[in-house]
Amino acid sequence: MAIAGIVSIHDIVGLVGGASIHPKEVAAISSFVDRYIAVDGGADHLLKAEKMPDAVIGDLDSLSDHARATFADRLCHISDQSTTDFEKAMTRLKARAVIALGFTGGRMDHVLAVLNVLVRYRDKRVILADADDVSFLAAQGQTTLQLPLGTRISLMPLDEARVSLTGVVWPFANVQMHPGGFVSPSNAVAADVVEIDAQGPALITLPRAHLAAALKAVVPA
């Protein structure tokens, strides 16, 4: 099937990949998403969770025969081997935001490839979710979060970035961050409002319980 026009610009899409996840994790994001898209083996996760994807995107080399038969009318085979399946999906979806589940567990090279795609397509509004965390790029300019005191918050640069962070135990102002330089893992909320001012790709990570706060930060009102 053709990929164009699968999702509306107004939709929030649950993008499900093939990394190891429990069916309950698919159900846990269901109240936040309007529809699901599977990426290759992620179709098997949706099959187990009894969720119907609008499309299954990728080179389809990790798809089970059962999922292939069940979703036969919505397979979008993309044979290009120069891109990952995550990139194939991100470059072909138009969505208000994407909650990407099943991309941050398992092999480290897969995780790093996903982060690489986030940096190169930073205009996309994407939240990476798993059983433990939610992660998303800070907006260029100001991002505001309201979180309970003591909530873990990490701010990790994915390239060179100049960042200010307030409302936390260890604040900083106008600091140059870099993957090979200054980073801010395992900080903690210390005020009613956390403010991040970022120029460059800085990844915010929160506990999984705060998906709603992450979505509010990513999707403009």
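Heads up: numbering here begins at 1 and tracks the sequence. Quantities reported herein were computed from a predicted structural model and do not represent experimental measurements.
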Specify the closest pair of heavy atoms between Ala38 and Pro53, including all atoms of both residues, with the distance to one decimal.
-> N-CB, 4.0 Å

Start with the C-alpha gap between Arg208 and Asp130, add the side-chain angles, then the distance that decides, and say whether side-chain contact (heavy atoms from CB on, under 4.5 Å) holds.
-> CA-CA 7 Å; Arg208 171 63 181 78; Asp130 56 35; 5.6 Å; no

In sequence, state the C-alpha distance, the side-chain angles, and the governing distance for Leu206 and Ile204, and then conclude on side-chain contact (heavy atoms from CB on, under 4.5 Å).
-> CA-CA 7 Å; Leu206 307 172; Ile204 301 168; 4.2 Å; yes

With no hydrogens and no angle check, do the side chains of Ser64 and Asp44 hold a donor and an acceptor under 3.5 Å apart?
-> yes

Value rounded to 0.5 Å, distance of OG in Ser164 from CE in Met177 = 10.5 Å

What closest approach, in Å, do Leu93 and Lys124 show between heavy atoms, and which atom pair accounts for it?
-> O-NZ, 3.1 Å

With sequence neighbours left out, write down each residue that passes ring pair (Phe, Tyr, Trp, His ring centres under 6.0 Å) with Phe136, or none if nothing qualifies.
-> none

Note, Phe103 side chain near Val111 side chain (heavy atom, < 4.5 Å) = no

Backbone N or O of Val119 within a donor-acceptor pair of the Arg122 side chain at under 3.5 Å?
-> yes

Please confirm whether the backbone N or O of Ala27 pairs with a side-chain atom of Ser30, one donor and one acceptor, at under 3.5 Å?
-> yes

Quick check: are there more than 12 heavy atoms from other residues, nucleotides or ligands sitting under 6.0 Å from CG of Asp123?
-> yes

Kindly indicate whether the side chain of Ile29, heavy atoms from C-beta on, has any atom under 4.5 Å from the side chain of Tyr36.
-> yes

Check whether any side-chain heavy atom of Val114 lies under 4.5 Å from a side-chain heavy atom of Asn116, and answer yes or no.
-> no

Shortest non-hydrogen contact from Pro207 toward Arg152 | CD-O, 3.1 Å

Apply the side chain to side chain contact (heavy atoms under 4.5 Å, CB included) test between Ser184 and each candidate in Ile153, Leu155, Val163; give the one that qualifies.
-> Leu155

Give the minimum heavy-atom separation between Thr166 and Pro171, together with the two atoms involved.
-> CA-CB, 4.3 Å

Pairwise side-chain contact, Leu101 with Glu25, heavy-atom cut-off 4.5 Å (strictly under) = yes

Linking I/L/V/M/F/W/Y whenever their side-chain heavy atoms sit closer than 4.5 Å, directly or via other members, would Val219 and Val194 fall into one cluster?
-> yes

Answer whether the closest heavy-atom distance between the side chains of Val117 and Thr91 falls below 4.5 Å.
-> no

Would you indicate whether the side-chain heavy atoms of Leu60 and Arg68 approach each other to under 4.5 Å?
-> yes

Give a yes or no on whether the backbone of Val134 and the side-chain of His210 come within a donor-acceptor separation of less than 3.5 Å.
-> no

Which atom names give the shortest non-hydrogen contact between Ala55 and Cys76, and what distance separates them?
-> CB-SG, 4.0 Å

With sequence neighbours left out, write down each residue that passes ring pair (Phe, Tyr, Trp, His ring centres under 6.0 Å) with Phe172, or none if nothing qualifies.
-> Phe182

Taking every non-hydrogen atom, the tightest pair across Val168 and Ala190 = C-CB, 3.6 Å

Is the backbone N or O of Glu87 less than 3.5 Å from a side-chain atom of Tyr121, with the two atoms forming a donor-acceptor pair by type?
-> no

Candidates Ile37, Ile21, Val39, Val56 - the one meeting side chain to side chain contact (heavy atoms under 4.5 Å, CB included) with Val16 = Ile21

What is the distance from atom NE2 of His110 to atom CG of Asp85, rounded to the nearest 0.5 Å?
-> 9.0 Å

About how many Å separate CD1 of Ile12 and CG of Leu15, when rounded to the nearest 0.5 Å?
-> 13.5 Å

Stepwise side chain to side chain donor-acceptor pair (under 3.5 Å) test for Ser154 and Thr205 = CA-CA 5 Å; Ser154 297; Thr205 299; 5.7 Å; no

Hydrophobic cluster membership, Leu137 vs Met156, 4.5 Å side-chain cutoff | no

Rounded to the nearest 0.5 Å, how far apart are CG of Leu115 and OG1 of Thr104?
-> 9.0 Å

Please round to the nearest 0.5 Å and tell me the distance separating atom CG of Asp54 and atom CZ of Arg74.
-> 6.5 Å

So side-chain hydrogen bond (donor to acceptor under 3.5 Å, both in side chains) across residues 174-183, not counting sequence neighbours, yields Glu160-Gln176, Arg162-Gln176

Which is it for Val189 and Val169 under the side-chain contact (heavy atoms from CB on, under 4.5 Å) test, yes or no, and what are the steps along the way?
-> CA-CA 6 Å; Val189 174; Val169 173; over 6 Å; no

Does Leu165 offer a backbone N or O that forms a donor-acceptor pair with the side chain of Glu195 under 3.5 Å?
-> no

With distance as the sole test, does Asp59 use its side chain to make a donor-acceptor pair with the main-chain N or O of Ile78 at under 3.5 Å?
-> no

Evaluate the criterion salt bridge (Lys or Arg N to Asp or Glu O under 4.0 Å) for residue pair Arg35 and Asp11; output intermediate values, then yes/no.
-> CA-CA 8 Å; Arg35 58 185 71 206; Asp11 289 335; 2.9 Å; yes

Here the gap from Met90 atom CE to Thr83 atom OG1, rounded to the nearest 0.5 Å, amounts to 13.0 Å

Audit row: Ile196, Gln142, side-chain contact (heavy atoms from CB on, under 4.5 Å) steps and yes/no = CA-CA 6 Å; Ile196 301 117; Gln142 192 170 82; over 6 Å; no

